[in-house]
Visitor: 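Starting off with a structure, shown below.
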Amino acid sequence: ELQTSTVSKLRCVHFRNYEIDTWFKSPYPQQYSSNYVLHLCEYCLKYFSSSFTLRRHEKKCPYSHRPPGTEIYRESRLAMFEIDGRKNVVYCQNLCLFAKLFLNSKTLYYDVEPFMFYLLCEIDEDGYHFVGYFSKEKLNGTNYNLSCILTLPIYQRKGYGNFLIDFSYLLSRREFRLGTPEKPLSDLGLFSYRNYWKISVAKALKMLVEADKAHQISVDDICNLTGMIHNDVIVGLEQLKALVRDPETKKYGIWIDMELVNRVLAEWNEKNYVQVKQERLLWKPVI
Ligand code: ACO
Ligand code: ZN
């Protein structure tokens with residue numbers, strides 16, 4: 001209560017060469033939220049109240065030029081890192097504090113041990129630059145395959161959120177499981193997921209039709225191809241107007257408007273967003 005009643009002045013974070021406006025409050029220690037600007041080390045995500053103390057830190061930053069964890073995916077200038085919340089407690093706590101600046105919902109900050117963090121980086125001559133991430137609970141009895149997702153505002157609307165979501169489903173397929181994101185979703189989360197479910201179901205339908213299976217497609221087939229749970233497949237099918245109810249039997253069936261499916265896919269492909277290449281993932285599920 002005391003924490004929430006103290007006013008946070010924080011309005012923006014200095015990150016790399018960017019000044020990023022913050023969207024929501026994050027529980028940084030009081031002495032850091034009494035300034036308008038917070039200075040972040042782009043590699044270890046540690047926070048400083050002045051650019052002077054940040055510069056001093058940068059000379060001895062332990063994670064200089066790359067994040068901790070294991071690189072599990074690399075394709076041209078993009079890499080994904082898997083970071084264990086138990087092995088890199090402070091890094092993951094700093095990551096969560098940073099992410100909270102752009103997340104409305106209550107998220108974890110200190111209890112990071114039960115989670116894995118999957119970090120997307122762009123690579124250039126200076127090193128690995130943090131673009132976005134998602135977290136995932138390690139051992140859970142639910143079918144959640146993603147707990148929290150963020151694309152840094154400076155990288156949003158370029159297809160990276162879609163890349164991260166696709167990656168989360170790829171991990172689920174490698175685990176031979178069906179997955180869904182943890183609820184509730186933010187507005188932006190819902191926009192992104194609804195779009196992803198539509199595209200993903202469209203791809204699956206096209207594949208099944210091309211394999212000459214158009215007359216025997218079931219929701220389960222689509223679940224298995226995509227790694228998506230039943231409900232989310234239905235949301236995708238609805239957007240493709242592919243769910244029809246037989247007026248006599250009152251049962252739902254799948255009816256494919258191939259023209260619509262092709263149009264949806266063509267419009268998406270035109271954007272030329274980077275795609276996850278499954279064969280580039282070097283990863284085995286934790287058992
Ligand atoms: N408005 C409308 N549609 C959107 C929006 C938006 N602001 N953002 C994404 N979409 C839809 C669009 O169809 C978009 O394609 P388009 O940009 O070509 O029209 C498509 O999703 C893919 O968008 P991406 O560029 O891949 O998404 P982005 O990299 O911007 O990341 C994300 C999406 C992660 C949700 C980002 O907005 C974000 O970090 N938001 C703040 C944190 C947040 O709310 N996270 C989700 C919380 S819920 C949870 O974590 C389970
Ligand atoms: Zn650092």
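Counting starts at 1 for both ligands and their atoms, following the listed order. Every value quoted in this text rests on a predicted model; they were computed, and no experiment measured them.
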Visitor: Do Lys271 and ligand 1 have an N or O pair less than 3.5 Å apart?
Guide: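 N/O-N/O distance below 3.5 Å exists for this pair.
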Visitor: Give the atom numbers and elements of ligand 1 that come within less than 4.0 Å of a heavy atom of Glu182.
Guide: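 It comes down to these atoms of ligand 1: 51 (C).
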Visitor: Hey, what's the ring geometry for Tyr160 with Tyr155, parallel, tilted or perpendicular (30° and 60° as the breaks)?
Guide: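 Perpendicular.
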Visitor: Would you check the N or O atoms of Lys158, main chain and side chain alike, for any that come under 3.5 Å of an N or O of ligand 1?
Guide: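 Yes, since at least one N or O of Lys158 sits under 3.5 Å from an N or O of ligand 1.
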Visitor: Which of the numbered atoms in ligand 1 are below 4.0 angstrom from a heavy atom of Cys148?
Guide: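 Matching atoms, with element in brackets: 50 (O).
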Visitor: Can you find a protein heavy atom closer to atom 8 (N) of ligand 1 than 4.0 Å?
Guide: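 Protein heavy atom within 4.0 Å of atom 8 (N) of ligand 1: present.
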Visitor: Mind checking whether Gly161 has an N or O less than 3.5 Å away from an N or O of ligand 1?
Guide: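 Yes, at least one N or O pair falls under 3.5 Å.
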Visitor: With nothing but distance in play, are any N or O atoms of Asn162 less than 3.5 Å from an N or O of ligand 1?
Guide: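 Yes; at least one N/O pair falls below 3.5 Å.
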Visitor: Taking atom types as modelled and ignoring hydrogens, do the side chains of Tyr144 and Glu182 form a donor-acceptor contact shorter than 3.5 angstrom?
Guide: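 The criterion, which ignores hydrogens and geometry beyond distance, is not satisfied for Glu182 and Tyr144.
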Visitor: Give the residue, atom name and distance (to 0.1 Å) of the protein heavy atom nearest atom 31 (O) of ligand 1.
Guide: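 The closest heavy atom on the protein side is Thr151 OG1, 3.1 Å.
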Visitor: Run Lys138 and Asp84 through salt bridge (charged side-chain N to carboxylate O under 4.0 Å, His left out) and show every step you take.
Guide: CA-CA 9 Å; Lys138 285 176 204 165; Asp84 188 333; 2.7 Å; yes
Visitor: Evaluate Ile20 against Cys12 for side-chain contact (heavy atoms from CB on, under 4.5 Å), listing each step before the verdict.
Guide: CA-CA 5 Å; Ile20 308 174; Cys12 113; over 6 Å; no
Visitor: Should you measure from each heavy atom of Trp23, which atoms of ligand 1 turn up under 4.0 Å away?
Guide: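 So the atoms of ligand 1 that pass are 41 (C).
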Visitor: When you group the ILVMFWY residues by side-chain heavy-atom contacts below 4.5 Å and let the links chain together, are Val37 and Phe24 in the same group?
Guide: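 No, because Phe24 and Val37 fall into different hydrophobic clusters, even though each may have its own neighbours under 4.5 Å.
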Visitor: Does Pro181, backbone or side chain, put an N or O under 3.5 Å from an N or O of ligand 1?
Guide: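 No.
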Visitor: Quick one: do Glu175 and Lys136 satisfy salt bridge (charged side-chain N to carboxylate O under 4.0 Å, His left out)? Show the steps, please.
Guide: CA-CA 13 Å; Glu175 294 170 324; Lys136 175 177 179 166; 3.1 Å; yes
Visitor: To check your reading of the site, what angle at the Zn ion (ligand 2) do SG of Cys61 and SG of Cys44 form, to 10°?
Guide: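 It comes to 110°.
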Visitor: Should the ring pair Tyr43 and His65 be called parallel, tilted or perpendicular, given that the plane angle runs from 0 to 90° and is split at 30 and 60?
Guide: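 The arrangement is tilted - the two ring planes meet at 30° to 60°.
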Visitor: Charged N to carboxylate O below 4.0 Å: is that the case for Lys241 and Glu238?
Guide: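 No salt bridge links Lys241 with Glu238.
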Visitor: With a cut-off of under 6.0 Å to the ring centre and 45° to the axis, is Arg11 in cation-pi contact with Tyr36?
Guide: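 Geometry flag: not set, cation outside 6.0 Å or 45°.
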Visitor: Would you mind running through ligand 1 and noting each atom that sits below 4.0 Å from a heavy atom of Tyr160?
Guide: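 Reading through ligand 1 atom by atom, the close ones are 26 (O), 29 (O).
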Visitor: List every atom of ligand 1 that sits less than 4.0 Å from any heavy atom of Phe102, numbering the atoms from 1 in the order shown and giving each element.
Guide: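 Selected atoms, number and element: 41 (C), 42 (C).
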Visitor: Which protein heavy atom lies closest to atom 23 (O) of ligand 1, and at what distance to 0.1 Å?
Guide: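 Atom 23 (O) of ligand 1 sits closest to the protein heavy atom Ser192 OG, 4.6 Å.
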Visitor: What is the closest protein heavy atom to atom 14 (C) of ligand 1, and at what distance does it sit?
Guide: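 Checking every protein heavy atom, the shortest distance to atom 14 (C) of ligand 1 gives Arg157 NE, 4.1 Å.
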Visitor: Just which atoms of ligand 1 are under 4.0 Å from any heavy atom in Gly159?
Guide: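 Those of ligand 1 that fall under 4.0 Å from Gly159 are 24 (P), 25 (O), 26 (O).
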Visitor: Work out whether the distance between some heavy atom of Tyr273 and some atom of ligand 1 is less than 4.0 Å.
Guide: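 Tyr273 counts as a contact of ligand 1 under the 4.0 Å cut-off.
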Visitor: Salt bridge or not between Glu122 and Arg77? Use side-chain N to carboxylate O under 4.0 Å.
Guide: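 No, Glu122 and Arg77 are not salt-bridged.
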Visitor: The Zn ion (ligand 2) as vertex, arms to SG of Cys41 and NE2 of His57: angle to 10°?
Guide: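 Value, to the nearest 10 degrees: 110°.
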Visitor: For atom 10 (N) of ligand 1, state which one of Phe134, Tyr155, Phe191 supplies the nearest heavy atom.
Guide: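 Of the listed residues, Phe191 has the closest heavy atom.
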Visitor: Ignoring hydrogens, just give me the one of Phe163, Trp268, Tyr196, Phe24 whose non-hydrogen atom is nearest atom 22 (C) of ligand 1.
Guide: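 Shortest heavy-atom distance from atom 22 (C) of ligand 1: Trp268.
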